[in-house]
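Quick note: numbers below take in every heavy atom, side chains included, and nothing from hydrogens, waters or symmetry partners. Indexing begins at 1, ligand by ligand and atom by atom, following the structure's order.
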Amino acid sequence: MKYETPAPDRQIAMVLDLNKCLGCHTCTVACKKMWNTDAGTDYAYWNNVETMPGKGFPANVHDPATAGRDLDGTTKRGQIPDLDTGYGRAWTFNHKDVLASTGAPVKEWLRPREEVKWGPNFDEDHGAGEYPRENHYFYLPRLCNHCTHPACRDACPRGAIHKRQQDGIVLVDQDTCHGYRFCVEACPYKKVYYDHVRQVSSKCIFCLPRIEEGVAPACARQCPGRLRFVGYRDDPEGPIHKLVDRWKVAIPLHPEYGLGPNVFYVPPMSPPRLDADGRPTEEPRIPLAFLESLFGKAVGPALEVLLAERAKTRNGGSSELMDLLIAYDWNQNFKLDAHQREVLS
Ligand code: SF4
């Protein structure tokens with residue numbers, strides 16, 4: 001299907017600074033506990049954190065996609081990840097054996113009951129590169145991109161997915177959804193999940209009840225690294241406009257899919273590789289080609305700006321960009337609107 005995209009009045013968006021992600025998964029837990037504890041979506045993570053380089057979640061999600069859009073805007077069909085080898089089933093644990101308060105000494109370790117072969121974060125902190133000269137990894141938190149041209153919406157024959165006019169949030173109407181899963185196929189980011197108990201699709205709602213009250217999404221508000229910024233694309237005083245449009249250091253994941261993501265990333269700077277004698281070289285540990293495979297060609301110029309601004313502060317100067325990214329005051333990460341700012345303070 002070809003897309004028709006009535007532009008929303010405003011577009012809410014998020015920027016994630018990958019230089020500050022701790023890989024603590026607080027965002028994932030905040031999201032999962034708030035929205036996603038149903039039995040039918042026990043395997044699903046509206047928000048997840050991946051170690052890169054790595055397989056991602058679901059497995060191999062960053063391999064060249066069959067989904068997304070053709071150059072003429074036509075939605076391409078993709079695949080539905082396998083529950084065992086793609087997502088990984090939710091494990092069950094021997095909590096009762098370990099934690100039951102019987103008074104007797106505990107003799108059991110906490111462990112999954114099943115044989116475990118794959119799941120989210122299965123390759124956590126593995127990374128790539130030979131130790132100690134070039135080993136590297138970084139964390140990549142992911143959520144629905146609330147795309148400008150959502151493939152999930154256009155793949156749905158029921159018209160059950162829409163993009164909200166007031167803020168561009170992409171939602172599934174579960175009363176209309178018949179569980180065909182075309183949206184799961186079509187989203188190349190694999191951020192629509194099938195609830196196999198209720199037999200409907202389910203996805204990130206950008207914490208819209210919080211947004212409407214002027215409160216940032218749970219993943220952003222709970223982040224101890226203060227790496228998430230939330231606001232509207234068209235607010236010239238907001239962090240999104242500054243980082244995406246003015247400084248051009250925040251760029252989308254997989255722009256080649258053609259969906260116009262509204263989640264942006266400040267790419268990771270990396271320490272230098274070492275030469276054979278263990279001395280630092282001019283080469284960054286994270287290869288530019290790998291970053292380009294995730295973020296496209298805009299990643300090089302973005303890194304150049306970041307490095308130049310960081311050098312300014314290292315030389316005793318000041319940098320508006322570095323001050324913004326450091327986020328001295330967490331309130332500054334979330335610029336919603338005047339009313340919402342009052343609610344926040
Ligand atoms: Fe739809 Fe996927 Fe885009 Fe989210 S990321 S709006 S689920 S196509």
**Asked** If you look at every heavy atom in Val49 and Cys27, which pair is closest and at what distance?
**Response** CG2-SG, 3.6 Å
**Message:** Using every non-hydrogen atom in the two residues, find where Cys147 and Lys163 come nearest and quote the distance to one decimal.
**Reply:** O-NZ, 2.9 Å
**Request:** Give the numbers and elements of all ligand 1 atoms closer than 4.0 Å to a heavy atom of Lys203.
**Result:** 4 (Fe), 7 (S)
**Message:** Considering non-hydrogen atoms of the protein only, which is the closest contact for atom 7 (S) of ligand 1, and what is the distance?
**Reply:** Val192 CG2, 3.3 Å
**Message:** Between Lys297 and Glu256, does any side-chain N to carboxylate O distance fall below 4.0 Å?
**Reply:** no
Check whether any side-chain N or O of [X] sits under 3.5 Å from a backbone N or O of [Y] as a donor-acceptor pair, and report yes or no.
X	Y	answer
Ser270	Ile286	yes
Thr176	Ala160	no
Lys117	Asp84	no

**Message:** Just to be sure I understand the site: which N, O or S atoms from the protein are less than 2.8 Å away from atom 3 (Fe) of ligand 1?
**Reply:** Cys147 SG
**Asked** On the ring face of Trp118, is Lys55 found with NZ or CZ under 6.0 Å from the centre and within 45° of the axis?
**Response** yes
